[in-house]
Amino acid sequence: MESELGANVSQLLAAIGPAIGPCCYRVDGEVFREFKKFSWAEKVFHPLKGGSYLLDLPRANYYQLREAGVKEENIFLAPLCTSCHCQNFFSYRAGGGVVTGRQAALLCWRGK
Ligand SMILES: [Zn+2]
């Protein structure tokens, strides 16, 4: 956005909507190894017995935005896990891969 559209990253606002939370998103070591290239990887993986991890995916997106230069105070995280709140949100994992749906997000760009 900065190079192609002339966006001022320091003025960007970012909102990370409801997503599966670290309470429910269990991944295996292969996922962890893929993320190890990121300096913040240790902050978003919580090891479990048996070599699996709980992954804080919203927080991983937060760190990516921070690395891109978005100010901490301009990033908003929805504190809702879609799997824990599957009565309100679609959750592939909570639905066992059978119940599916989609969520949408809107983006507004106010150019110069
Ligand atoms: Zn959860």
Side-chain angles (χ1 to χ4, degrees):
M1 290 178 70
E2 190 172 32
S3 62
E4 296 294 322
L5 301 173
N8 182 343
V9 175
S10 68
Q11 294 182 339
L12 287 179
L13 302 176
I16 300 169
I20 193 164
C23 45
C24 295
Y25 195 23
R26 179 182 282 223
V27 297
D28 61 22
E30 184 178 340
V31 175
F32 176 67
R33 286 187 291 280
E34 288 294 322
F35 273 74
K36 281 182 78 172
K37 60 187 170 194
F38 299 109
S39 62
W40 41 262
E42 299 282 343
K43 298 177 183 176
V44 299
F45 283 89
H46 311 284
L48 300 170
K49 290 181 180 176
S52 62
Y53 297 83
L54 290 172
L55 169 58
D56 189 340
L57 195 57
R59 188 59 63 175
N61 285 292
Y62 167 86
Y63 284 118
Q64 286 187 314
L65 288 165
R66 292 288 292 133
E67 278 186 348
V70 179
K71 291 180 179 178
E72 180 178 3
E73 62 268 27
N74 289 350
I75 302 171
F76 305 92
L77 282 159
L80 295 169
C81 170
T82 52
S83 184
C84 288
H85 296 89
C86 60
Q87 71 279 14
N88 298 321
F89 303 105
F90 291 110
S91 174
Y92 178 83
R93 285 167 188 81
V98 177
V99 179
T100 61
R102 301 292 181 263
Q103 298 186 87
L106 300 174
L107 177 69
C108 176
W109 174 261
R110 290 192 305 177
K112 296 178 183 176

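These numbers come from the heavy atoms of this one structure, side chains and all, not from hydrogens, waters or symmetry mates. In what follows, residues are counted from 1 in the order of the sequence shown.
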Can you give me the closest heavy-atom contact between [X] and [Y], atom names plus distance?
X	Y	answer
Ser39	Glu67	OG-OE2, 3.6 Å
Ser83	Ser91	CA-OG, 3.5 Å
Phe90	Thr82	O-CB, 3.7 Å
Ala78	Pro18	CB-N, 3.7 Å
Ala94	Cys86	CB-CB, 3.8 Å

Backbone N or O of Leu12 within a donor-acceptor pair of the Asn74 side chain at under 3.5 Å?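 The answer is yes, because a donor-acceptor pair under 3.5 Å joins these two groups.
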Any sub-3.5 Å donor-acceptor pair from Asn61's side-chain atoms to Gln64's backbone N or O?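 Not confirmed, Asn61 side chain does not pair with Gln64 backbone.
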State yes or no: do [X] and [Y] share one hydrophobic cluster built from I, L, V, M, F, W and Y residues joined by side-chain heavy-atom distances below 4.5 Å, directly or via other members?
X	Y	result
Trp40	Leu54	no
Leu48	Leu57	no
Ile16	Phe89	no
Phe38	Val70	yes

Counting only heavy atoms not in Glu30, do more than 12 fall under 6.0 Å of its CD?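 Check fails, neighbour count at 12 or below.
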Taking the side chain as every heavy atom from C-beta outward, state whether [X] and [Y] have any pair of such atoms under 4.5 Å apart.
X	Y	result
Phe35	Glu42	no
Asp56	Tyr62	no
Arg93	Cys24	no
Tyr53	Tyr25	no
Leu77	Arg59	yes

Inter-residue atom distance [X].[atom1] - [Y].[atom2], 0.5 Å rounding:
X	Y	atom1	atom2	answer
Leu80	Asn88	CG	CG	8.0 Å
Asp28	Arg33	CG	CZ	7.0 Å
Ile20	Arg26	CD1	CZ	11.5 Å

Pi-cation contact, Tyr63 with Arg66 (under 6.0 Å, within 45°):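 Ring-cation test returns no.
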